[in-house]
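Quick notes on the structure that follows.
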2 protein chains.
Amino acid sequence: MDQVVSAGAATEDGMTASASGRERLLTAAAEEFSRHGYAGASIAAIAGRAGVGKSTIFHHFESKDALYLAVIEGAAGEFARTLDQVLDLDRDVHDSLEQFQVAHLRHLFRNAKVASLVLRELRGEGPGETAGKVRDVVAGNFQRLVEYLAAIRGRGGIREDVDPQVAALTMLSVNAFAFQCRDVLREFPGLDISGDPDQFATAITDLVVRGLNVGPEAEGDKA
Amino acid sequence: MDQVVSAGAATEDGMTASASGRERLLTAAAEEFSRHGYAGASIAAIAGRAGVGKSTIFHHFESKDALYLAVIEGAAGEFARTLDQVLDLDRDVHDSLEQFQVAHLRHLFRNAKVASLVLRELRGEGPGETAGKVRDVVAGNFQRLVEYLAAIRGRGGIREDVDPQVAALTMLSVNAFAFQCRDVLREFPGLDISGDPDQFATAITDLVVRGLNVGPEAEGDKA
DNA sequence: GTCTATAATTCGATAGAC
DNA sequence: GTCTATCGAATTATAGAC
């Protein structure tokens, strides 16, 4: 998929020409789609940014839809591979969840452009046609976390009366929302997640795993 | 907000003509702004939807900016009044937080149009000019929750090593994100928050307050 | 309604790798 | 020689202006 490596100067943007045409197209498409939305991004602009002719796009991808989907599937697939390493039933629950949370937030920042696309899609603001497929791809990764939580719950790793779906949604929501609002949050001294995403992810994990409570037994010892 | 009740037929949409011109303009503006964004919403369209002349808008509001801000401040102010009732230091912590979470999610659904505007603003996608003021308004309500959490932490109501800002952000994030994605979530049997927002808010509160853990003492007593 | 601009897609040809 | 990546030109669809 990326075996063609010819030397080459940088094209527009910071993109190196060393990546294969297909890879460059995916990068350029992510940029254009996230900047202008699906409809607003033109094949011509994507081709221009990638430094190839328009028709080259249709050699690599069936259609504009297919290109859009490929961009999203690329990032989702990469994250799925991360999940294989992180969601390990044999490891400590707290550690696994912390690793998950850190990996997820890192993934959002590393793939900020595509992440914005996916989040827009989840908000229902995407191009109606591809919506279904995008959701399926994302739902796959979501389901992975849900099943992991269900499995450790079966082993007594977490409370029995928590819904794995609700717990999974909570963990992902905080990351997704904080990522979306990272610019505003930068103005809050304690919430600048852009500065240190890992620390934020760790704090969230601690909160979700241990809860706000001082503990079941310390219920009535306050002022 | 709905005390003016004079007889009157419905204008376009489902809007009743019973509200004052100013109120009708705010409703119409919320609709148009959330539908087409700040730039895309025209004064003419807003006036038309409210059933008034264009010049009436500038009688009630200084400018398009001011109208936009008024829409947002209206909803934020209403929520601030709810906070007065909900964030009561004399009540049980879990109950207060649950009431907060329920009230917040209800507020998002009841003011869905304006909420979408505010969320867009927090993502940094709004009209640059008003961004600062919108953030201030929202930050005010956010700060209220943070200070409440800090206060009960001072009394030993919650763990000392949780950051009130992080906890507040977590609670709000889940609601905001779930609200944003309510259409997709409808496809998940256990996550249809539109169907029963209160139940969802309750589940989230339980998770945040008690955590996933089986408890400090019950660490190893399962199958 | 026609005209025009813009955007997606197709076609035919070329150049280089194996 | 075939296969693949590429391109420029041609074709179709659509949306807005007049």
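Reminder, nothing fancy here: chain letters follow the sequence lines and each chain counts from 1. Keep in mind it's a predicted model, so treat the numbers as computed, not measured.
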Next item on the list: Would you give a per-nucleotide map of nucleotides 7-18 of chain D, 5' to 3', where B means the base has a protein non-hydrogen atom under 4.0 Å away, S means only the sugar-phosphate does, and - means neither?
Entry: BB----------
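- Of all heavy-atom pairs spanning A:L207 and B:V166, the tightest one is CD2-O, 4.4 Å.
- In this structure, A:R24 places its CZ atom 13 Å from P of D:dA5, rounding to the nearest Å.
- Counting any heavy atom pair closer than 4.0 Å across all strands shown, A:A41 reaches sugar-phosphate atoms only and no base atom.
- Across the protein-nucleic acid pair, A:F58 atom CZ and C:dG12 atom C1' stand 17 Å apart, rounded to whole Å.
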Notebook entry, point to check: Going through the checks in order, is the ring pair (Phe, Tyr, Trp, His ring centres under 6.0 Å) test met by A:F142 and B:F188?
Noted result: CA-CA 11 Å; A:F142 175 68; B:F188 289 78; 5.3 Å; yes
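- Rounding to the nearest 0.5 Å gives a distance of 10.0 Å between CZ of A:F109 and CG of A:D198.
- With respect to B:R186 and B:D183, a salt bridge is recorded, a charged nitrogen being found less than 4.0 Å from a carboxylate O.
- Atom CD of A:E23 is separated from atom P of D:dA5 by 13 Å (rounded to the nearest Å).
- Of all heavy-atom pairs spanning B:S194 and B:R182, the tightest one is OG-CB, 3.5 Å.
- For the side chain to side chain contact (heavy atoms under 4.5 Å, CB included) criterion with A:Y38, the lone passing option out of A:K64, A:E121, A:E32 is A:K64.
- Rounded to an integer number of Å, the gap from A:R22 CZ to D:dT6 C1' is 16 Å.
- Distances shown here put a side-chain N or O of A:H60 below 4.0 Å from the OP1 or OP2 atom of D:dT6.
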